[in-house]
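Encoded as structure tokens, the structure appears first; notes follow it.
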Amino acid sequence: MPGHAWWGSGQWAAYLEYQEQPIKASSKTALADLESGAEDSLSAHAYTGLLLEDPLLALRLIKAANRRLPRRLARDITTPLGVVLALGTEQFREQVRGAPEVGGDNHGFLACETRATLAARICMAWGGLRHDLDPGELAMAALLANAGEIELWAFVPELPQKALDELHSGRTASKRSARPSARCRLSRQCLNDRSAPPPVPPARRLRRPAPGRRGRRAGRRGRRPTRAGQARR
């Protein structure tokens with residue numbers, strides 16, 4: 001695409017905002033296999049697995065779901081189940097069947113999506129072992145953490161491929177185009193510009209709560225008195 005060499009993350013986010021997200025052809029096949037013979041008896045949980053296998057399908061649907069959400073609720077939809085419940089199964093099926101497909105020869109796109117889906121599965125399994133976190137929210141955050149890079153592979157594959165070639169050559173160790181922070185910044189801007197909630201960093205949710213007054217007092221009692229403390233006494 002001519003004239004994009006000087007673009008930064010803001011320009012790319014604005015360009016990608018008006019592009020229709022394509023999905024993998026296997027997502028349409030998986031939907032057909034899921035509904036074969038049991039379309040009327042499927043629950044919302046049965047459709048959520050399709051989202052975690054296709055990041056751009058998840059981005060496409062979470063954007064549509066949050067647009068339908070009344071703003072007075074002041075709460076974004078951040079889980080696969082919430083997306084299906086907000087859209088409804090009929091709208092979900094229409095979105096999947098009417099979405100454009102990514103070519104199977106785009107190996108960089110497929111590799112990037114594979115990493116995202118693997119991260120989502122790991123977060124879903126790990127979140128299921130905790131009682132203070134939503135596994136679906138963690139999985140969706142991991143799935144869309146590099147949504148900007150996945151979209152670049154889908155629409156402008158020569159750009160990330162050029163960045164990878166330069167990175168592997170060893171000539172661009174200090175260039176901004178090869179840094180992971182640029183990809184994360186683009187992903188955040190892409191999500192913010194499309195009525196989609198940004199991924200919640202799991203580290204922010206996992207801080208150990210500060211001990212109460214009793215816990216602090218008990219900790220002080222168990223400490224050995226220092227020389228300065230003995231001198232003050």
### Summary
Sorted by chain and number, sequence neighbours left out, side chain to side chain contact (heavy atoms under 4.5 Å, CB included) with A116 holds for P55, L143, I150

#### Entry: Electrostatic pair E53:K24 at N-O distance under 4.0 angstrom
no

## Note on the structure
In terms of heavy-atom contacts, A30 and L50 come closest through CB-CD2, 3.5 Å

### Query
Quick one: side chain to side chain donor-acceptor pair (under 3.5 Å) partners of R115, sequence neighbours excluded?
none

### Message
Hydrophobic cluster membership, with links at side-chain heavy-atom distances under 4.5 Å among I/L/V/M/F/W/Y: are L110 and L51 in one?
### Response
yes

### Message
Between L85 and M124, is there shared hydrophobic-cluster membership here, with clusters defined by ILVMFWY side-chain heavy atoms closer than 4.5 Å?
### Response
no

### Summary
Residues at least two apart in sequence or cross-chain that pass side chain to side chain contact (heavy atoms under 4.5 Å, CB included) with L118, listed by chain then number, are R121, I122

## Note on the structure
Closest non-hydrogen contact found for P22 with A154 is CG-CB, 4.1 Å

### Message
Check whether N146 reaches the backbone of C112 with its side chain - one donor and one acceptor, N or O, closer than 3.5 Å.
### Response
no

### Query
side chain to side chain contact (heavy atoms under 4.5 Å, CB included) with K28: which residues, sequence neighbours excluded?
I23, V96, E101

### Query
By side chain to side chain donor-acceptor pair (under 3.5 Å), which residues pair with S27, not counting sequence neighbours?
D54

#### Entry: salt bridge (Lys or Arg N to Asp or Glu O under 4.0 Å) between R130 and E137, worked out
CA-CA 13 Å; R130 301 182 60 93; E137 186 176 3; over 6 Å; no

### Message
Could you walk me through whether L152 and L16 satisfy the side-chain contact (heavy atoms from CB on, under 4.5 Å) test, starting with their C-alpha distance in whole Å, then the side-chain angles of each, then the deciding distance to 0.1 Å, before giving a yes or no?
### Response
CA-CA 8 Å; L152 287 180; L16 295 173; 4.2 Å; yes

### Message
With a 4.5 Å cut-off on side-chain heavy-atom distances among I, L, V, M, F, W and Y, is there a chain of contacts connecting L31 to V83?
### Response
yes

### Message
Could you go through L59 and L144, starting from their C-alpha distance and side-chain angles, then the distance that decides it, and tell me whether this counts as side-chain contact (heavy atoms from CB on, under 4.5 Å)?
### Response
CA-CA 7 Å; L59 179 60; L144 300 180; 4.1 Å; yes

### Query
Which of these passes side chain to side chain contact (heavy atoms under 4.5 Å, CB included) with W153: V102, L159, N106?
N106

### Residues forming a side chain to side chain donor-acceptor pair (under 3.5 Å) with E94, sequence neighbours excluded
none

### Task
Calculate, to the nearest 0.5 Å, the distance between atoms CD and CG belonging to E113 and L57 respectively.
9.0 Å

### Task
Applying ring pair (Phe, Tyr, Trp, His ring centres under 6.0 Å), name anything that partners F92, two or more places apart in sequence or on another chain.
Y47

#### Entry: L129: hydrophobic cluster co-members (side-chain, 4.5 Å)
none

### Query
Do you see a donor-acceptor pair shorter than 3.5 Å between the side chains of Q19 and E151?
no

### Query
What residues, two or more places apart in sequence or in another chain, satisfy side chain to side chain contact (heavy atoms under 4.5 Å, CB included) together with H45?
S43, L81

